[in-house]
Amino acid sequence: MAVTVRTRYAGSPTGYLHIGGAWNCFFVWLFARHHAGVMVIRIEDTDRARSTQEYEQTILEDLRWLGLDWEEGPDVGGPFGPYRQTERFDLYGRYARELIERGGAYPCYCTPGELETERRRAQQRRLPYRYSGRCRELLPAERAASEAEGRRPAIRVRIRDVGRSIVVEDLVRGQVEFSPEHLDDYIIVRSDGSPLYNFANVVDDHLMEISHSIRGAEHLSNTPKQLVMYEALGWTPPLFAHLPVILGTDRKKLSKRLGDTALRDYRRQGYLPEALRNFFALMGWYPEEDREMYTLEELIAKFRIEEIGRSPAVFDLSKLNWMNGVYMRQMMERDSYRVVDLAVSILQQHGLLPEEVTEAHRTYVARVVEALGDRIKVGEDVLTYGDFFFRDVAFDPAAVERYLRDPQVPALLTALAERIESGDGLSRQAAEEAVRRLAEERGMHSRELIHPVRVALSGKTAGPGLFELMEVLGRERVVGRLRAAAASTVV
RNA sequence: GCCCCCAUCGUCUAGCCAGGCCUAGGACGUCGGCCUUUCAAGCCGGUAACGCGGGUUCGAAUCCCGCUGGGGGCACCA
């Protein structure tokens, strides 16, 4: 039974794609690729108040950046389109009517205000809220009366009549049983005619012939409601797989509100897509017992949805940082131009390089990157360790306090400046020679000179080797900065 | 409150389904050391977990029950 795997990621454009969504989509994608199936992207924008075109764009962009691709979607089209739910409203209307005809749903004329009152009353009595069921068995005359009042009905699915428990067969969780008495008749179409998630999702998954519905565990409790609809419509539901929820350090579900959970922010800070993917693979799943690093091909080959864990996972930033560093070092060796590209874009973001970079700019950045070496774990480290290559020194007060306060420092810096100035050029060998010789002549340990010089030139106590740093900075700037530091510390 | 899910080091997890191979393995972090002009990187070493209580069994991290804890869901959000 060679069933074609068709799976989908359903994103709602109500904000930037966040880490949890990206992770979810990555697993959906791995599954599709492992089974040589079809990956579909569907935009679930039925919440018109919060959805925007811009967000849809950014979600697609971010997924592409992550390295994912899809055969069908709003931007690439496909045989089951459209792939944007707002463009499928007629479909939902049609199946809502069919559902009513089959007795699986009914119009409900209660207004949001009335329902709110019911809800509050239940709350006061400390009872779990359930819909009163007022519109469940309306006579045609009563409907007409409501219509005459100008009421537009919402549509509710009939769930309370299901006399037996509903079992969800979940690929990662096994069988999960829900008793119908805890389920409620649920609104699937708003009074303005727009569908709600649970309904649109069912209609689309069926029409798009989705074979596997892979989504976050927050949807597990929705599943019985959806199963009721599949059955009422006479449809075969897809296979379900509910992925564990990704938690923040506060042990709460990562959400768009929390900030800094947007994939885009990681991109901006200079994280690498390959590192993110590898890191994602280690959340909720572990391809092998004693290994962390995998190529994409390996992940695709090894991916087995049954092996996914069931417990929520905390997003561990420090592990991501480590892994990004590993990939960064690798890239430095194999494709250093990519690190340069990354550095350039980070510098541009911060206004330290113009929009149009010249070959000379790139060459300079390449030298900086080389000097910084594996201190760059994330793109932004170019700034944290090497901003002074691109702008005036911003002195770290603690560094100044520690290394520039000695009264003999200004004279030393001046003396060094003089020697360097009189030499020609400033290779790292020349720099080293000048520094070491001066130290020797003054009868001091070289590090006693090296530290103050580093602070004078970079403003920091940490960074690339001093002599490389001096070479990249060049004679003129080195001399200027040494003098400037000497002058300001005299005070 | 009700429903559902989950439970191994601080974190990601292996082991659990097919109980002994587990004095519980790996990784991140953290701590110490080496290297070193600083910081990284690298190398070496240490730290740290089967939530609790009952069963079942010769034997339980592994199976069963309860408790506790954590998470998710209960919208005319997705």
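Lettering of chains follows the sequences in order, A, B, ..., and the numbering in each one begins at 1.
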Starting at the 5' end of nucleotides 68-73 of chain B, put B wherever the base has a protein heavy atom under 4.0 Å, S where only the sugar-phosphate does, and a dash everywhere else.
--SSBS
Once each nucleotide of nucleotides 42-49 of chain B is scored for protein heavy atoms under 4.0 Å, what B/S/- sequence comes out, 5' to 3'?
S-------
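Around atom CD of A:Glu440, no more than 12 heavy atoms belonging to other residues, nucleotides or ligands sit under 6.0 Å away. Other residues, nucleotides and ligands place more than 12 heavy atoms under 6.0 Å from the CZ atom of A:Arg136. Within a 6.0 Å radius of CD in A:Glu370, other residues, nucleotides and ligands contribute 12 heavy atoms or fewer. The number of heavy-atom neighbours closer than 6.0 Å to CD of A:Glu333, taken from other residues, nucleotides and ligands shown, is 12 or below. Other residues, nucleotides and ligands place more than 12 heavy atoms under 6.0 Å from the CZ atom of A:Arg291. The number of heavy-atom neighbours closer than 6.0 Å to CZ of A:Arg437, taken from other residues, nucleotides and ligands shown, is 12 or below.
Using a 4.0 Å heavy-atom criterion, one finds that A:Glu177 contacts the sugar-phosphate atoms exclusively. Within 4.0 Å (heavy atoms only), A:Lys460 reaches no atom of the nucleic acid at all. Within the nucleic acid shown, A:Ser318 comes within 4.0 Å of sugar-phosphate atoms alone, with no base atom in reach, counting heavy atoms only. Within 4.0 Å of A:Leu196, counting heavy atoms only, lie sugar-phosphate atoms of the nucleic acid but no base atom. Heavy atoms of A:Gly284 sit under 4.0 angstrom from primed sugar atoms or phosphate atoms, though from no base atom. Heavy atoms of A:Thr111 sit under 4.0 angstrom from at least one base atom. Across all strands shown, A:Pro464 has heavy atoms under 4.0 Å from base atoms, whether or not it also approaches the sugar-phosphate. Within 4.0 Å (heavy atoms only), A:Ile187 reaches at least one base atom of the nucleic acid. Among the heavy atoms of the strands lying under 4.0 Å from A:Arg119 are primed sugar atoms or P, OP1, OP2 only; no base atom is included. Here A:Cys108 lies out of heavy-atom contact (under 4.0 Å) with every strand. Nucleic acid contact for A:Leu115: base, since at least one base atom lies under 4.0 Å from a heavy atom of the residue. Counting non-hydrogen atoms under 4.0 angstrom, A:Phe178 reaches the backbone sugars and phosphates but no base.
One atom, NZ of A:Lys319, and another, P of B:rA27, lie 9 Å apart when rounded to the nearest Å. In this structure, CG of A:Asp185 is placed 16 Å from P of B:rC74, rounded to the nearest angstrom. Distance CD (A:Gln330) to P (B:rA41): 16 Å, rounded to an integer number of Å. A straight line from OH of A:Tyr294 to P of B:rG26 spans 15 Å, rounded to a whole angstrom. The distance from atom CD of A:Glu307 to atom P of B:rC17 is 16 Å, rounded to the nearest whole Å. One interatomic measurement links the two molecules: CD1 of A:Ile450 to P of B:rC39, which rounds to 13 Å at whole-angstrom precision. For the pair A:Leu276 CG and B:rC12 P, the interatomic distance rounds to 17 Å; values are reported in whole Å. Distance CZ (A:Arg304) to P (B:rC17): 17 Å, rounded to an integer number of Å.
When only modelled atom types and interatomic distance are considered, A:His242 and A:Thr223 share a side-chain donor-acceptor pair under 3.5 Å. For the residue pair A:Asp204 and A:Tyr83, no side-chain donor N or O sits within less than 3.5 Å of a side-chain acceptor on the partner. With no hydrogens or angles considered, a side-chain donor-acceptor pair links A:Glu44 and A:Gln85 at under 3.5 Å.
With a cut-off of 3.5 Å on both pairing distances, the Watson-Crick or G-U wobble partner of B:rU68 is B:rA7. Applying the Watson-Crick and G-U wobble criteria (two distances, each under 3.5 Å), B:rG32 pairs with B:rC44. Across all strands shown, the partner of B:rC2 is B:rG73, judged by Watson-Crick or G-U wobble contacts whose two distances both fall under 3.5 Å. Across all strands shown, B:rU38 forms no Watson-Crick or G-U wobble pair with both distances under 3.5 Å. With a cut-off of 3.5 Å on both Watson-Crick or G-U wobble distances, the partner of B:rG20 is given as B:rC58.
The backbone N or O of A:Arg130 sits nowhere less than 3.5 Å from a side-chain atom of A:Asp184 that would complete a donor-acceptor pair. With hydrogens and angles disregarded, a donor-acceptor distance shorter than 3.5 Å links the side chain of A:Ser458 to the backbone of A:Arg454. Listed for the A:Asp170 side chain is no donor-acceptor partner under 3.5 Å among the backbone atoms of A:Gln175. A side-chain donor-acceptor contact under 3.5 Å links A:Asp381 to the backbone of A:Val378.
Nearest to the side chain of A:Lys377, among B:rA41, B:rU38, B:rC12, sits B:rA41. When distances are taken from the side chain of A:Tyr385 to each of B:rC39, B:rC12, B:rU37, the shortest belongs to B:rC39. Residue A:Asp290 places its side chain closer to B:rG25 than to any other of B:rA78, B:rG25, B:rA7. Taking the side chain of A:Val176 as heavy atoms from C-beta on, and the options B:rU38, B:rA78, B:rC4, the nearest nucleotide is B:rC4. Comparing atom distances between the A:Leu220 side chain and each of B:rC28, B:rC5, B:rC76 picks out B:rC5 as nearest. Side-chain proximity of A:Asp374 to B:rA41, B:rU37, B:rC12: nearest is B:rA41.
Here the separation of B:rC17 from B:rC12, taken at their C1' atoms, is 22 Å to the nearest Å. Of the C1' atoms belonging to B:rG73 and B:rA78, the separation is 13 Å, rounded to the nearest Å. Between B:rC28 and B:rA40, the two P atoms lie 16 Å apart (nearest whole Å). B:rC16 and B:rC64: their P atoms are spaced 14 Å apart (whole Å). Look at the C1' atom in both B:rC58 and B:rA48: the space between them is 32 Å, to the nearest Å. Across the P atoms, B:rC9 and B:rG70 are found 15 Å apart, a figure rounded to whole Å. Nucleotides B:rU56 and B:rU11, compared at atom P, are 33 Å apart to the nearest Å. Remark: the separation of the C1' atoms in B:rA49 and B:rA7 is 12 Å, to the nearest Å.
Sequence order on RNA chain B of the closest nucleotides to A:Arg375 and A:Glu292 puts A:Glu292 first from the 5' end.
Side-chain to base pairing of A:Arg310 with B:rC6: no donor and acceptor N or O lie closer than 3.5 Å to each other. Judged by distance alone, with hydrogens and angles left aside, A:Arg454 brings a side-chain donor or acceptor within reach of the base of B:rU37, the pair sitting under 3.5 Å.
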Is there any protein nitrogen or oxygen under 3.5 Å from a nitrogen or oxygen in nucleotides 63-66 of chain B, and what are the pairs?
none

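Because its NZ or CZ atom is both nearer than 6.0 Å to the ring centre of A:Tyr131 and within 45° of the ring axis, A:Arg156 counts as a cation-pi partner of that residue.
The side chain to side chain contact (heavy atoms under 4.5 Å, CB included) test with A:Asn24 singles out one residue from A:Tyr9, A:Phe280, A:Trp29, and that residue is A:Tyr9.
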Could you walk me through whether A:Asp185 and A:Tyr106 satisfy the side chain to side chain donor-acceptor pair (under 3.5 Å) test, starting with their C-alpha distance in whole Å, then the side-chain angles of each, then the deciding distance to 0.1 Å, before giving a yes or no?
CA-CA 10 Å; A:Asp185 287 2; A:Tyr106 58 91; 2.7 Å; yes
